[in-house]
> 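Have a look at this one.
Keep in mind that what you see is a predicted model, and the values were worked out from it rather than measured.
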Amino acid sequence: IASGALGIIIGTRSFRVTGRNVYVSREGEYLKLQDGKGRMYDLVYDKVESPSRVECHLAENLLESGTCKLILCTYAGDESEDAKLSITDRVVSFVKFEEAPTIDRIVSEGADGIVKGEAFAAIGSHLSFRRSAGDSVKVKWTDEGGEEHTLDLEPTATDSSRISFDAVEAFEDIPDDTELTFEFELSGETVEGETRIVGA
C-alpha cells in the first residue's frame, strides 16, 4: 500500500491510499494510523473508488509529527466463510498542521436555518470539538424586548467537517427569523457562525 505524496500525511487533510486488495467496507476491515507508541488513530473514508484506491483523512488532528504506520486490515476480497484477516503496513511521515476552523453554515437537515424541535449541525472545515481540550460552544440571540440571551451547548458528535447538536428546548420559544450567533472555541481558535430560527 502507498499513501499521500511521497508517503507524507498532513494533519486532517485528505490523502490517497493505493495498492492491491485495499478492501475496507466489510466488518472487521479498516485503515488506521499507528504512532511510535503503538496508539491507533481512526481514519474517515472520503471516497472508496475501488479495491485499489481509497481516499481518507485522519478523524482528529491528535497525532504529533513523526514517523507512523499506515495499517490495513482486510480480507483481501475473500468472501468465503473461512476467510481470514490479513494485516499490511506502510511506514509514512505524519506532519501535524493546525489549519484554522471555518463555519460555512449552521442548519437543520434540508433547511436554510435551524428548525425548532429538530437536530442541527455546524458545517465547515477543520472542525473537531474536544471538551477535554477546553473547547466550547455558545449561542447568543436578542429577544423582542432587546434582552440578550446566551446558552452553552454540548455537541452530540463531531468530525473534521461538522459539529452536530440535538434539538435545543430553549429555541422553541424563539420567534421565527430570530438571528442566532454561535461562538466556537476550538483548539484555541475562536470562530463564529450565524443562522436563524425557521418554521417547520
> Going by distance alone, is a donor N or O of one side chain under 3.5 Å from an acceptor N or O of the other, for T102 and S125?
yes
> What about V198 and V139, same hydrophobic cluster or not, with Ile/Leu/Val/Met/Phe/Trp/Tyr joined at side-chain heavy-atom distances under 4.5 Å?
no
> Quick one: does any side-chain atom of T142 pair with a main-chain N or O of E148 as donor and acceptor, under 3.5 Å?
no
> Please work out whether the ring planes of F171 and W141 are parallel, tilted or perpendicular, with thresholds of 30° and 60°.
perpendicular
> If Ile, Leu, Val, Met, Phe, Trp and Tyr residues are connected whenever their side-chain heavy atoms lie under 4.5 Å apart, and connections chain through other members, are V107 and F120 in the same group?
no
> Do any N or O atoms from the side chain of Y45 and from the backbone of L31 form a donor-acceptor pair under 3.5 angstrom?
yes
> Would you say that more than 12 heavy atoms from the other residues, nucleotides or ligands in this model lie under 6.0 Å from the CD of E154, or not?
yes
> Ignoring hydrogens, what is the shortest heavy-atom contact between G7 and R90? Give both atom names and the distance.
CA-NH2, 3.8 Å
> Minimum heavy-atom separation for V115 and A111, please, with both atom names.
CG2-CB, 3.6 Å
> Salt bridge or not for D112 and R196, using N-O below 4.0 Å?
yes
> Using modelled atom types only, decide if a donor and an acceptor are shared between the side chain of S86 and the backbone of T74 within a distance under 3.5 Å.
yes
> Hey, quick one: are Y75 and V17 part of the same hydrophobic cluster, counting side-chain heavy atoms closer than 4.5 Å, chains of contacts allowed?
no
> Here's a test for you: under salt bridge (charged side-chain N to carboxylate O under 4.0 Å, His left out), which of K37, R39, K32 qualifies with D35?
R39
> Is there a path of hydrophobic side-chain contacts, each under 4.5 Å between heavy atoms of I/L/V/M/F/W/Y residues, joining I123 to F184?
no
> Check this for me, if you would: do E172 and K116 make a salt bridge, where the nitrogen-to-carboxylate-oxygen distance has to be below 4.0 angstrom?
no
> Are V48 and I71 joined in one hydrophobic group, where the rule is that I, L, V, M, F, W and Y side chains link up if heavy atoms are under 4.5 Å apart?
yes
> Under 4.0 Å between a side-chain nitrogen and a carboxylate oxygen: does that hold for E185 and K138?
no
> Give a yes or no on whether the backbone of I106 and the side-chain of T195 come within a donor-acceptor separation of less than 3.5 Å.
yes
